[in-house]
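Have a look at the structure below before the remarks.
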Amino acid sequence: VEYIPQRPPIVMADAFYGIGEDGCARSGLTVCEDNIFVEEGALSECGLIEHIAQSASAFAGYKAMEAGASEPPVGYIGEVKKFRCFRCPRVGEELQTTVTFGPEVGGVSLLTGETCVGEETLACTQMKIYVAEGSLL
């Protein structure tokens, strides 16, 4: 995805579906065997957290590039809160993630993320993300 600053082998969002009328960003990832977060045929909890964070990054990158930036902004996870993993996705499954942004204070944005396969929710969390100055969220 051109909207994220990460490069292989750390790319954890391979599709950006856009921003819905509800203001939520939607992204995806097909879990591949060679993913560095895959253990015993399934994406680890750490991989799910990174995927949700990169989904937020894709949203920030999309907005920045729409505003004329030449590269996506760099962001940092400040806090992961209330993470729940109901099941780790298996190799071959396609993740669909929805990220909803809340308030932003001092360059730190609060967001919620939910990752599903089809209609099944696999994980959800809240995060605080800091996006480098000049970025748009």
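Below, all heavy atoms of this structure are taken into account, side chains as well, without hydrogens, waters or symmetry copies.
Looking only at distances, a side-chain donor or acceptor of Gln96 sits under 3.5 Å from a matching main-chain atom of Glu94. Side chain of Arg87 to main chain of Cys85: no donor-acceptor pair is present (N/O by atom type, distance under 3.5 Å, no hydrogens or angles). Under the 3.5 Å distance criterion, the side-chain polar atoms of Asp14 are matched with a main-chain donor or acceptor of Thr30. Gln54 places a side-chain N or O within donor-acceptor distance of the main-chain N or O of Met12, the cut-off being under 3.5 Å. Thr125 places no side-chain N or O within donor-acceptor distance of the main-chain N or O of Gly113, the cut-off being under 3.5 Å. Looking at Ser55, its side chain does come within 3.5 Å of a backbone N or O of His51 through a donor-acceptor pair.
For the atom pair Cys116 SG and Phe86 CZ, the distance stands at 9.5 Å (nearest 0.5 Å). Separating the SG atom in Cys124 from the CD atom in Glu114 is a distance of 6.5 Å, to the nearest 0.5 Å. From Tyr3, atom OH reaches atom OG of Ser57 across 12.5 Å, with rounding to the nearest 0.5 Å.
Of all heavy-atom pairs spanning Phe59 and Ala25, the tightest one is CD1-CB, 3.3 Å. In plain terms, the two heavy atoms of Ala13 and Leu29 that are nearest each other are N-CD1, 4.1 Å. Shortest non-hydrogen contact noted between Ala56 and Phe101 is CB-CZ, 3.8 Å. Taking every heavy atom of both residues into account, Gly107 and Glu104 meet most closely at N-OE2, 2.6 Å. Across all non-hydrogen atoms, the minimal contact from Pro5 to Pro72 is N-CG, 3.7 Å. The two residues Ala53 and Met127 come nearest to each other via the heavy atoms N-CE, 3.8 Å.
The aromatic rings of Tyr62 and Phe16 lie tilted to each other, with the angle between the two planes from 30° to 60°.
Both Leu48 and Val91 belong to a single network of hydrophobic side chains, linked directly or stepwise wherever heavy atoms of I, L, V, M, F, W or Y lie under 4.5 Å apart. Under the 4.5 Å side-chain contact rule for hydrophobic residues, Ile36 and Val38 share a cluster. There is a path of hydrophobic side-chain contacts, each under 4.5 Å, that joins Val80 to Ile10. The cluster map of Ile, Leu, Val, Met, Phe, Trp and Tyr, joined by side-chain heavy atoms under 4.5 Å apart, puts Leu110 and Ile77 in different clusters.
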Would Thr100 and Leu111 count as a side chain to side chain contact (heavy atoms under 4.5 Å, CB included) if you check the C-alpha gap in whole Å, the side-chain angles of each, and the deciding distance to 0.1 Å? CA-CA 5 Å; Thr100 306; Leu111 65 90; over 6 Å; no
Assess the residue pair Arg90 and Glu93 against the criterion (salt bridge (charged side-chain N to carboxylate O under 4.0 Å, His left out)); give the C-alpha distance rounded to whole Å, side-chain angles, the decisive distance to 0.1 Å, and a yes or no. CA-CA 6 Å; Arg90 295 177 289 278; Glu93 290 188 306; 3.4 Å; yes
Please assess Val74 against Val131 for the test side chain to side chain contact (heavy atoms under 4.5 Å, CB included), listing each intermediate value before the final yes or no. CA-CA 6 Å; Val74 175; Val131 178; over 6 Å; no
CA sep, side-chain torsions, deciding dist, call: Cys88, Glu45, side chain to side chain contact (heavy atoms under 4.5 Å, CB included): CA-CA 7 Å; Cys88 290; Glu45 291 91 345; 3.9 Å; yes
Start with the C-alpha distance between Gln6 and Glu50, add both sets of side-chain angles, then the distance that settles side chain to side chain contact (heavy atoms under 4.5 Å, CB included), and finish with yes or no. CA-CA 11 Å; Gln6 292 83 1; Glu50 183 61 24; 4.2 Å; yes
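Annotation: side chain of Leu43 is in contact with side chain of Phe37 (closest heavy-atom distance under 4.5 Å).
Defined by atom type and a distance below 3.5 Å, a donor-acceptor pair is present between the side-chain atoms of Thr97 and Thr115.
Glu71 CD: 12 or fewer foreign heavy atoms inside a 6.0 Å radius.
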